[in-house]
Each structure stands twice: as structure tokens, then as C-alpha cells.
S.K.: 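Can you keep this structure in mind? I'll have questions shortly.
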Amino acid sequence: ECMMLVSEKQTDDSSIQTISAKYNEKIYLGLTTCHMVTLEDGREVTVRSISDTEDTMRIEQGQDVLIGWRQDDGRLHLS
């Protein structure tokens, strides 16, 4: 997966594109964790990460978050 939850420290990185979302839930799957978010247009997106890399980010249901990806990894088309 190329998408990630973006921390405040990463927002200054110009190589990362971001979009706002609302955090829904965290689903622990052993090796990976799925983070379910809803984009502003109502579409749901799953952001997957290695389980122990995201432990430092404390996110609650309904919280506004940023999801992002490196520009070289892809483009987002919202049409």
C-alpha cells in the first residue's frame, strides 16, 4: 500500500500529497492494521500499515485526519 496516515511532522514534506478525511475505525489484522476513513465526498478508503509502525499515532473515531501518498506513487482523481 502506498497510502498512509500523515502526521503533523510530515505535512512539510512537499513530496507527499494529502487529502482530508474523517477517521472511522482501526482494524488490527496481525501483521497489518487497516484504518478506515471517509473522504469529504463520502467515499470510504482503507489505509493499511504495518501494525507496529502506527502505534504512536493516537486517533479516535470521528477525528479529522490527513491521508497521503508520495507523488511518485500515484495520483488521486476525484471525479
S.K.: Give, for atom CG of Asn24 and atom CD of Gln63, the distance between the pair rounded to the nearest 0.5 Å.
M.R.: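 Atom-to-atom, Asn24:CG and Gln63:CD are 12.0 Å apart.
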
S.K.: According to salt bridge (Lys or Arg N to Asp or Glu O under 4.0 Å), does anything in residues 14-25 pair up with another residue at least two apart or in another chain? List the pairs.
M.R.: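 Listed by first then second residue: Lys22-Asp64.
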
S.K.: Once you round to the nearest 0.5 Å, how far does CE of Met4 lie from CH2 of Trp69?
M.R.: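 These two atoms lie 9.5 Å from each other.
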
S.K.: Under the side chain to side chain donor-acceptor pair (under 3.5 Å) rule, collect the residues that match up with Ser20, sequence neighbours excluded.
M.R.: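 Result, side chain to side chain donor-acceptor pair (under 3.5 Å) vs Ser20: none returned.
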
S.K.: So how far is it from Lys26 NZ to Leu5 CG, rounded to the nearest 0.5 Å?
M.R.: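 Spacing of NZ (Lys26) from CG (Leu5) equals 10.0 Å.
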
S.K.: Please list, chain by chain and in numerical order, all residues satisfying side-chain contact (heavy atoms from CB on, under 4.5 Å) with Leu29, sequence neighbours excluded.
M.R.: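 Ile27, Thr32, Cys34.
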
S.K.: Give me the other members of the hydrophobic cluster that Tyr28 sits in, counting Ile, Leu, Val, Met, Phe, Trp and Tyr linked by side-chain heavy atoms under 4.5 Å, directly or via other members.
M.R.: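 Answer for Tyr28: none, a lone residue.
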
S.K.: Please report the interatomic distance CG(Leu66) to CD1(Ile16), rounded to the nearest 0.5 Å.
M.R.: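 Reported to 0.5 Å precision, the distance equals 10.5 Å.
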
S.K.: State whether the side chain of Thr33 and the backbone N or O of Ser49 hold a donor-acceptor pair below 3.5 Å, judged by distance alone.
M.R.: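 No; judged by distance alone, with no hydrogens or angles, the pair does not exist.
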
S.K.: What is the distance from atom CD1 of Ile19 to atom CD of Glu40, rounded to the nearest 0.5 Å?
M.R.: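 With rounding to 0.5 Å, CD1 (Ile19) is 6.5 Å from CD (Glu40).
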
S.K.: Just how far is it from atom CD of Gln61 to atom OH of Tyr23, taken to the nearest 0.5 Å?
M.R.: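 Answer for the CD-OH pair, Gln61 versus Tyr23, is 9.5 Å.
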
S.K.: Closest heavy-atom contact between Gly30 and Ser51?
M.R.: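 Looking at all heavy atoms of both residues, the shortest contact is O-OG, 2.6 Å.
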
S.K.: If the test is side-chain contact (heavy atoms from CB on, under 4.5 Å), which one of Val45, Thr46, Val47 qualifies with Met36?
M.R.: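 Running side-chain contact (heavy atoms from CB on, under 4.5 Å) over Val45, Thr46, Val47 with Met36 returns exactly one hit, Thr46.
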
S.K.: Please walk me through it: do Val6 and Val65 pass side-chain contact (heavy atoms from CB on, under 4.5 Å)?
M.R.: CA-CA 8 Å; Val6 178; Val65 294; over 6 Å; no

